[in-house]
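Have a look at the structure below before the remarks.
Residue numbering restarts at 1 for every chain, and letters A, B, ... go by the order of the sequence lines. Being a predicted model, the structure only gives us computed values, none of them experimental.
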Amino acid sequence: MSVTDRKLLERIWKAVAAIPRGEVASYGGIARRAGLPRRARLVGHALKVAPANLKLPWHRVLNAQGRISLPAGSRAHRMQRRLLEQEGIVFRNGRVDLARAAGFDLDALLWRPRRD
DNA sequence: GTTGTGACGACTT
DNA sequence: AAAGTCGCCACAA
């Protein structure tokens, strides 16, 4: 693995670490915030290989549909959903309930689930 | 080198 | 809404 590849991963990890508690972001959005537009798949890869010691809020990263991308029914899938609900995020029909009432930031693709 | 796969996404049918 | 298609590209075989 080249040094530059390593740097890309680090930039992605940093962007993920910046997702505030109670909010979620998309793979594509993280890629853009990391300065890597159109590299959504790389974000998935970055999370897969992320060292556990970084303690990244990986569960706050969803696909563009607001759905969990991990295999449905898998252990990891259930854990992601649990972690999200644990911080107040509500699911509706298998999708994160995205109410863009206030704070919906299209540019950053950072979503704010309705908080009531 | 080539091929298939995949924690993706935008567009078009 | 749902299914294809295409672009993207790291990785394993």
Original post:
Among the nucleotides C:dC11, B:dG9, B:dA7, which one has an atom lying closest to any side-chain atom of A:Asn63?
Top reply: B:dG9

**OP:** Report the C-alpha separation of A:Lys14 and A:Glu10 in whole Å, then their side-chain angles, then the decisive distance to 0.1 Å, and conclude whether the salt bridge (Lys or Arg N to Asp or Glu O under 4.0 Å) test is met.
**Re:** CA-CA 6 Å; A:Lys14 192 171 172 182; A:Glu10 289 175 352; over 6 Å; no

Subject >> Phosphate-side-chain proximity, A:Arg32 and B:dG9, N/O vs OP1/OP2 below 4.0 Å >> reply: no

Original post:
Using a cut-off of less than 4.0 Å, is there contact between a side-chain N or O of A:His45 and OP1 or OP2 of B:dG6?
Top reply: no

Tell me: [atom1] of [X] to [atom2] of [N], nearest whole Å?
X: A:Gln65; N: B:dC11; atom1: CD; atom2: P; value: 13 Å
X: A:Arg81; N: B:dA7; atom1: CZ; atom2: P; value: 20 Å
X: A:Trp13; N: B:dA7; atom1: CH2; atom2: C1'; value: 15 Å
X: A:Tyr27; N: B:dG6; atom1: OH; atom2: P; value: 14 Å

**OP:** Please work out which residues in residues 50-58 of chain A have a non-hydrogen atom less than 4.0 Å from an atom of DNA chain B and list them by number.
**Re:** A:Trp58

Subject >> Sequence neighbours excluded, every pair satisfying salt bridge (Lys or Arg N to Asp or Glu O under 4.0 Å) that has a member inside residues 38-50 of chain A >> reply: none

Original post:
Touch check for A:Leu42, heavy atoms < 4.0 angstrom, all strands: base, sugar-phosphate only, or nothing?
Top reply: sugar-phosphate

Original post:
Which residues satisfy the side-chain contact (heavy atoms from CB on, under 4.5 Å) test with A:Ala50, sequence neighbours excluded?
Top reply: A:Trp13, A:Leu56

Atom pairs, protein N/O to nucleotides 2-7 of chain C N/O, distance under 3.5 Å:
none

Original post:
When you look at A:Ile30 and A:Ile19, which way does the side chain to side chain contact (heavy atoms under 4.5 Å, CB included) test go after all the steps?
Top reply: CA-CA 9 Å; A:Ile30 290 299; A:Ile19 306 172; 3.8 Å; yes

Name every donor-acceptor pair, under 3.5 Å, that has one atom in a side chain of residues 68-75 of chain A and the other anywhere in the protein, sequence neighbours excluded.
{"residue": "A:Ser69", "atom": "OG", "partner": "A:Asn63", "partner atom": "ND2", "Å": "3.2"}
{"residue": "A:Ser74", "atom": "OG", "partner": "A:Pro71", "partner atom": "O", "Å": "2.6"}
{"residue": "A:Ser74", "atom": "OG", "partner": "A:His77", "partner atom": "N", "Å": "3.1"}

**OP:** For A:Arg81, enumerate each residue passing the side-chain hydrogen bond (donor to acceptor under 3.5 Å, both in side chains) test, keeping only those at least two apart in sequence or located in another chain.
**Re:** A:Glu85

Original post:
Can you list the residues that meet the side-chain hydrogen bond (donor to acceptor under 3.5 Å, both in side chains) rule with A:Arg92, with sequence neighbours excluded?
Top reply: A:Asp97

**OP:** Check whether any side-chain N or O of A:Arg60 sits under 3.5 Å from a backbone N or O of A:Val16 as a donor-acceptor pair, and report yes or no.
**Re:** no

**OP:** Report the C-alpha distance between A:Gln80 and A:Leu62 in whole Å, list the side-chain angles of each, state the deciding distance to 0.1 Å, and finish with yes or no for side chain to side chain contact (heavy atoms under 4.5 Å, CB included).
**Re:** CA-CA 10 Å; A:Gln80 183 170 11; A:Leu62 304 168; 3.7 Å; yes

